Amino acid sequence: MAGSTAEPGVLATARYGKDKVRVFRVVRDPESKVHNVVEYNVTVLLEGAIETSYTQANNAVVVATDSMKNITNYLAKVSPYVLDPARFALHLGSHLLARYAHVSATFVTVEQLRWARINDSSSSASGPEAGHRHAFWRDGAEKRFVEVEVARKGDGGGAVARVAGGLRDLLVLKSTGSAFENFVRDEYTTLPEVNDRIFSTSVDLRYTYGQVNVELPSDEKLLVFGVGNLNGGVHPWEDAKVGVRSREITLDVFAQDESASVQATLYKMAQRVLAENAGVETVRYVLPNKHYIPVDMKYIGVDNTTPQRAEVFTPVDAPSGLISATISRR
Ligand SMILES: O=c1[nH]c(=O)c2[nH]c(=O)[nH]c2[nH]1
């Protein structure tokens, strides 16, 4: 329902929900005594027939954001998919659609923090099996994320989901193998050309898949649902594999590339993510160029600025370059 025609504006879009729902879940295997844990920051947003909550103060159409937080915790308790962020996000998004008829689309982001197993010094196993059964350490500030958009189909049967995944805050640095030369030189240029420099960035990667059909949960506790009829995209169930592969590719290209610029290295990373992940449609990187400036020691007769002699650097928080691009499959 539109607002009063006496008002100068109309509600063009509306979406609301809960941000930063922090959830930790432990899954215990009673036989092996092995625990699996996940820690998620969840964002859950809704769209639908909610206009009057804005235009007429009608809260009868409002599922409280507090209830959305409760549903997130409830599904973290009962969902069989909780250990997999993509499945969990799809379950949460489709659960809300199934439960609330006036909701037309849900937007769920699950950001996963890194808990890795501590090695178990009392175990004779080696490799991944050597991990402690219930002790973990925070393996860096990097986060993996999954974004799921589930939209009800017009014909009343089921929904369609779009899935995107990625990682952020993956901090990397290389101490050579990076140059920056032949850029525009004019009256504003003070930056010297260098054939050797430090390259450091905090990787923000997001990739998208094709659309999938979703059967909405139908049993009384809304626990079981299906995803099928893939339209040629990566099955969201594969997200973990794509996540691992794209992280490995990012690190490998970063390390191996003789970088001419952040832009050129970014492009190579994205091409390889597309080449090695058949169902990925688009790849976006956002790469801040975290500058390390050689300290000028000429005042004391020491050369620390010609690239091969630069050994002491000042890490600079701000400003940083900010290089981004989206590469779509041809
Ligand atoms: O790789 C780079 N790209 C730039 O666009 C740029 N600009 C700059 O000052 N240094 C760099 N480095």
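All values derive from a computational prediction rather than experimental measurement. Just follow the structure's listing: the first ligand is 1, and inside any ligand the first atom is 1.
When all heavy atoms of Asp252 and Arg272 are compared, the pair lying nearest together is OD2-NH1, 2.8 Å.
By the 30° and 60° cut-offs, the orientation of the rings of Tyr207 relative to Tyr209 is tilted. Relative orientation of the Phe88 and Tyr40 rings is parallel, given thresholds of 30° and 60° on the angle between their planes.
Checked against the 6.0 Å centroid criterion, the rings of Phe254 and Phe199 qualify as a close aromatic pair.
Distance check: Thr55 OG1 to Leu11 CG gives 7.0 Å after rounding to the nearest 0.5 Å.
Ordered by chain and residue number, the residues placing a heavy atom less than 4.0 Å from ligand 1 are Phe180, Leu191, Arg197, Ser261, Val262, Gln263, Asn289.
Partner Thr109 forms a side chain to side chain contact (heavy atoms under 4.5 Å, CB included) with one of Thr43, Val148, Leu45, Asp19 and no other, that one being Thr43.
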